[in-house]
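A short worksheet on the structure shown next.
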Number of protein chains: 2
Amino acid sequence: MTTATPDPLDTVFAALADPTRRAILNMLLEDDMAVTDVAEPFSMSLAAISKHLAVLADARLITQEKRGRVKWCKLEPDALRAASVWMQGFGQFDPVDLDAFERFLETEFDHSGEAFSDTENAAEFDTNSADNRLD
Amino acid sequence: MTTATPDPLDTVFAALADPTRRAILNMLLEDDMAVTDVAEPFSMSLAAISKHLAVLADARLITQEKRGRVKWCKLEPDALRAASVWMQGFGQFDPVDLDAFERFLETEFDHSGEAFSDTENAAEFDTNSADNRLD
DNA sequence: CGGATCGTCAACCATCCGGTTGAATATCGA
DNA sequence: TCGATATTCAACCGGATGGTTGACGATCCG
């Protein structure tokens, strides 16, 4: 709904602030998934996951398309990139420079290392119970 | 305090999810500031700003050092970089669609190539009241 | 048709969050 | 010492969040 139309970064960062939702994004990195399949590894109700997905969709981090009776969830990385670029501004103590960003993408993406921790890919989430925390 | 020791990314993203706090970070990009000076451009109580700063400090986005009776706030970009790295894992997911990305940016950083600095520094914030919101 | 599956909705609950105000603490400076 | 300045603390409030359960509307399939 988003009746108040807040700053897009508000909703993006708020969506990213929840470990369950970040884990969902990691899962969707692999492939598009149905809601039920997204919910499967988590120890929480389907309704809760459905809400999380709604939050992600509201932040435009994912899109959802209903085909038949199953609703497919798809990662939508543009919003993430926007947030990422916002942060890059701090990393380099410089106003955002799209060209520099593009250069960055081209150079840094090829060493396709595992960028994120994969702590959250860990086959069985139980987001509350501190398994997936290392630092 | 942070009694529950949650994932660092939780607190970082949660801290970034508030426009007042992002504005504060932008201000600290310029220079270290005392709490009172941080509060000055905002139309909210000093106590509220003090709380915001505590949130930022808890997320390690800033550090605070008390010299005399004034507490200096200093930007600490390492945490931001960590979050940034996390997000880049998603960036490489796709061939980068810079056009779509740029469109998204425009909804966020309205005018000019000057991404932040002054859009949110605009002499008087009233973060709730829709001045700096355009979408 | 009728039953199983997919997903959301509605109500409810506990907790967190962002803000307020007023009092308290600490330090500076005359 | 006394008053002004800097900052936090404590209590409170309304609204958002994250979770639950149970009922419900669709859709598939035998």
Side-chain angles (χ1 to χ4, degrees), chain A residues 1-7 10-24 28 32-59 61-74 125-129, chain B residues 1-7 10-24 32-59 61-74 125-130:
Chain A
M1 279 282 164
T2 323
T3 17
T5 335
D7 191 315
D10 291 15
T11 45
V12 170
F13 282 130
L16 294 178
D18 187 284
T20 302
R21 287 192 292 260
R22 288 199 307 278
I24 291 174
L28 292 179
D32 300 357
M33 295 179 77
V35 173
T36 307
D37 295 332
V38 169
E40 194 267 335
F42 295 94
S43 53
M44 91 182 56
S45 72
L46 184 63
I49 295 293
S50 181
K51 281 192 199 176
H52 279 303
L53 290 170
V55 171
L56 290 171
D58 189 56
L61 288 164
I62 67 168
T63 49
Q64 294 181 287
E65 182 197 358
K66 199 169 78 182
R67 272 202 303 271
R69 66 177 159 180
V70 39
K71 198 171 188 174
W72 292 93
C73 306
K74 181 179 188 304
F125 312 101
D126 193 33
T127 325
N128 297 334
S129 82
Chain B
M1 288 280 161
T2 322
T3 18
T5 338
D7 190 314
D10 291 14
T11 47
V12 170
F13 283 130
L16 294 178
D18 187 285
T20 301
R21 288 193 289 261
R22 289 199 308 277
I24 291 175
D32 300 359
M33 295 178 78
V35 174
T36 307
D37 295 333
V38 169
E40 194 268 335
F42 296 94
S43 52
M44 92 180 55
S45 73
L46 186 63
I49 295 294
S50 180
K51 280 194 200 174
H52 279 303
L53 290 169
V55 172
L56 290 171
D58 190 57
L61 288 163
I62 67 170
T63 50
Q64 295 181 288
E65 181 198 357
K66 198 168 80 180
R67 272 202 303 270
R69 66 179 160 179
V70 38
K71 200 169 188 176
W72 292 93
C73 305
K74 180 179 188 308
F125 312 103
D126 196 32
T127 325
N128 298 333
S129 85

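Residue numbering restarts at 1 for every chain, and letters A, B, ... go by the order of the sequence lines.
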Heavy atoms, side chains only, cut-off 4.5 Å: are [X] and [Y] in contact?
{"X": "A:I62", "Y": "A:K74", "answer": "no"}
{"X": "A:C73", "Y": "A:L28", "answer": "yes"}
{"X": "B:Q64", "Y": "B:V35", "answer": "yes"}

Under 4.0 Å protein heavy-atom contact, by nucleotide of nucleotides 20-30 of chain D - B base, S sugar-phosphate only: BB-----BB--
Check the pair B:D10, A:D18 against side-chain contact (heavy atoms from CB on, under 4.5 Å), reporting the backbone distance first and the verdict last. CA-CA 6 Å; B:D10 291 14; A:D18 187 284; over 6 Å; no
Measure [atom1]/[X] against [atom2]/[N] and give the value in whole Å, please.
{"X": "A:D10", "N": "D:dT17", "atom1": "CG", "atom2": "C1'", "answer": "15 Å"}
{"X": "A:D37", "N": "C:dT5", "atom1": "CG", "atom2": "P", "answer": "14 Å"}
{"X": "A:E40", "N": "C:dT5", "atom1": "CD", "atom2": "C1'", "answer": "15 Å"}
{"X": "B:L56", "N": "D:dT7", "atom1": "CG", "atom2": "P", "answer": "15 Å"}
{"X": "B:H52", "N": "D:dC9", "atom1": "NE2", "atom2": "P", "answer": "16 Å"}
{"X": "A:L16", "N": "D:dT17", "atom1": "CG", "atom2": "P", "answer": "14 Å"}
{"X": "A:W72", "N": "C:dG7", "atom1": "CH2", "atom2": "P", "answer": "9 Å"}
{"X": "A:E65", "N": "C:dT8", "atom1": "CD", "atom2": "P", "answer": "14 Å"}

What distance do A:R69 atom CZ and A:T36 atom OG1 have between them, rounded to the nearest 0.5 Å? 9.5 Å
If you measure from CD on B:E40 to CG on B:L46, what distance do you get to the nearest 0.5 Å?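 Here the rounded value is 11.5 Å.
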Test your reading of the model: is there a side-chain donor-acceptor pair from B:R22 to the backbone of B:L16, 3.5 Å cut-off? yes
Of the listed nucleotides D:dG19, C:dG19, C:dG7, the one nearest the side chain of A:A34: C:dG7
Which nucleotide wins on minimum distance to the side chain of B:D18, given the candidates C:dG7, C:dG18, D:dA6?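 Of all the options, the side chain of B:D18 is nearest to C:dG18.
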The helix from C:dG7-D:dC24 to C:dA30-D:dT1: angle between its terminal axes, five pairs each, to 10°? 30°
Run the side-chain contact (heavy atoms from CB on, under 4.5 Å) test on B:W72 and B:T63 for me, step by step, so that the C-alpha distance in whole Å, both residues' side-chain angles and the decisive distance to 0.1 Å come before the verdict. CA-CA 8 Å; B:W72 292 93; B:T63 50; over 6 Å; no
In terms of the nearest nucleotide of DNA chain C, which residue is placed more toward the 5' end: A:I49 or B:A14?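 Between the two, 5'-proximity favours A:I49.
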Starting from the C-alpha separation in whole Å, work towards a yes-or-no answer on side-chain contact (heavy atoms from CB on, under 4.5 Å) for B:M33 and B:I24. CA-CA 10 Å; B:M33 295 178 78; B:I24 291 175; over 6 Å; no
